[in-house]
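Below is one structure, written out as structure tokens; comments come after it.
Nothing here was measured: the structure is a model prediction, and the numbers come from that model. Residue numbers start at 1 and run along the sequence shown.
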Amino acid sequence: MLFEPRSGRLAAWGNALLAGLVSPDEAALSIVGEDAVHRVAGLPGEAGPVGLTLALGRLRALGVSGLRVALPAPGHPLGLSGPPEFNARALEAEEAVVCAGAALGLVPEVTEAGPAGDVHVSVLWQCLPVREAPPADVPSLGEAERELAEALREATVVLTRLDVAASGPVADAALSAYRARAEAGREALAPGYPPRAVRVLALAQRVDLMVSLAYENGHGGAVAASEMAARAEALRPVERVARRALVAAYNAAVEQH
């Protein structure tokens, strides 16, 4: 239930590899996660799709010094710098990775096959040219942490006022899983990230989980269309803050250098 974008895993473990903190095989395994396979297409110097290990090595050879995450949404090109063609692909995927040190970006194309309960997920990262410019609307870690704390308070007030159900068996199970994962010392980010980035990522995921539960657990007392619209309107800026914080956390390994 935690929001962990594939672009976040690619950037985090790719940055750890570029910094010499993990092996190529460890990075590739961590990026793939529970998916079946990841490949990269469109890399300069490669005729066709290649595996992650080779792709990361090729990016390093092309001068890539770090990887940043973009999590755009309609009207909010978060983390993007252009050109329009790349931005459009990233917006469709709702995520992307932008390289530092080379004018390249990666957008995932996700394919699912198989019956429910045994879904085979493959990811093809399309490597495309990007504009070398500051990414849009990415806050510092300090800004993100302050915004998150305020967003968490606001979300609690809003959901209480609108009588939106964020409790019950489903919510309790999700929150228990979240706490268990955190207490088990799950490595939220790859080696090389500052502790503040780990803290901001965990808080952003908590805010995102809270918002998701509010949407997924029925309407609570917000039955009227006007009340449902008010809930969506109130939660939209909270979602935006959570996405900004996720990007700030994943990008911290690049920004601290």
Side-chain angles (χ1 to χ4, degrees), residues 1-12 33-34 68-80 90-91 93-97 108 110 135-162 164-168 170-184 186-190 193 196-220 222 228 230-252:
M1 188 116 186
L2 289 185
F3 181 50
E4 188 177 39
R6 290 180 173 88
S7 55
R9 293 206 306 268
L10 176 57
E34 296 179 0
R68 293 186 175 96
V69 169
L71 296 177
H76 189 205
L78 176 63
L80 298 175
L91 181 59
E94 299 183 339
E95 61 177 315
V97 171
V110 181
D137 199 36
V138 178
S140 68
L141 277 176
E143 291 171 326
E145 195 167 31
R146 289 191 295 273
E147 289 177 2
L148 277 170
E150 181 63 27
L152 196 56
R153 289 193 293 270
E154 288 179 1
T156 302
V157 171
V158 166
L159 296 180
T160 301
R161 174 167 54 82
L162 296 178
V164 173
S167 59
V170 175
D172 291 344
L175 289 168
S176 295
Y178 172 88
R179 294 190 188 100
R181 199 172 180 187
E183 289 168 4
R186 181 184 67 90
E187 195 161 22
L189 285 168
Y193 277 81
R196 191 174 204 176
V198 177
R199 188 167 67 243
V200 167
L201 179 65
L203 186 54
Q205 289 177 325
R206 182 181 169 193
V207 171
D208 183 77
L209 175 62
M210 187 176 185
V211 171
S212 297
L213 290 173
Y215 279 126
E216 293 171 11
N217 277 7
H219 303 313
M228 292 171 63
R231 174 186 63 180
E233 184 67 24
L235 290 176
R236 197 169 295 118
V238 179
E239 291 177 289
R240 186 184 181 108
V241 165
R243 282 191 301 109
R244 275 167 49 86
L246 284 167
V247 171
Y250 283 119
N251 294 1

If you compare all heavy atoms of [X] against all heavy atoms of [Y], which two are closest, and at what distance to 0.1 Å?
X      : Y      : result
Asn251 : Val69  : OD1-N, 2.6 Å
Arg196 : Gly142 : NH2-CA, 3.5 Å
Ala12  : Leu189 : CB-CD2, 4.2 Å
Ala96  : Ser7   : O-CB, 3.5 Å
Leu80  : Ala90  : CD2-CB, 3.8 Å
Val207 : Ala242 : CG1-CB, 4.1 Å

Notebook entry, point to check: Considering residues at least two apart in sequence or located in another chain, which fulfil the side chain to side chain donor-acceptor pair (under 3.5 Å) criterion with Arg146?
Noted result: none

Notebook entry, point to check: Taking only residues two or more places apart in sequence or in another chain, which ones pass side chain to side chain donor-acceptor pair (under 3.5 Å) with Arg244?
Noted result: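 Once residues adjacent in sequence are excluded, the partners of Arg244 under the side chain to side chain donor-acceptor pair (under 3.5 Å) criterion are Asp137, Glu147.
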
Note to self: Which residues pass the side chain to side chain contact (heavy atoms under 4.5 Å, CB included) test with Ala144, not counting sequence neighbours?
What the structure shows: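 Only Pro139, Val200, Ala245, Ala248 meet the side chain to side chain contact (heavy atoms under 4.5 Å, CB included) criterion with Ala144.
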
Next item on the list: Calculate, to the nearest 0.5 Å, the distance between atoms CD and CZ belonging to Glu4 and Arg9 respectively.
Entry: 5.5 Å

Check: How long is the gap from CD on Glu94 to CZ on Arg243, to the nearest 0.5 Å?
Finding: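 So the gap between those two atoms works out to 9.0 Å.
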
Item checked: Any side-chain heavy-atom pair of Pro77 and Leu91 under 4.5 Å -> no

Item checked: Flag side-chain contact, heavy atom, 4.5 Å: Leu148 against Arg206 -> no

Next item on the list: Show the numbers, then the answer: is there a side-chain contact (heavy atoms from CB on, under 4.5 Å) between Tyr193 and Leu201?
Entry: CA-CA 11 Å; Tyr193 277 81; Leu201 179 65; over 6 Å; no

Notebook entry, point to check: After noting the C-alpha distance and the side-chain angles of Arg6 and Val110, does the key distance pass the side-chain contact (heavy atoms from CB on, under 4.5 Å) rule?
Noted result: CA-CA 10 Å; Arg6 290 180 173 88; Val110 181; 3.9 Å; yes

Note to self: For Arg240 and Leu78: C-alpha separation, side-chain torsions, deciding distance, then whether side-chain contact (heavy atoms from CB on, under 4.5 Å) applies.
What the structure shows: CA-CA 9 Å; Arg240 186 184 181 108; Leu78 176 63; over 6 Å; no

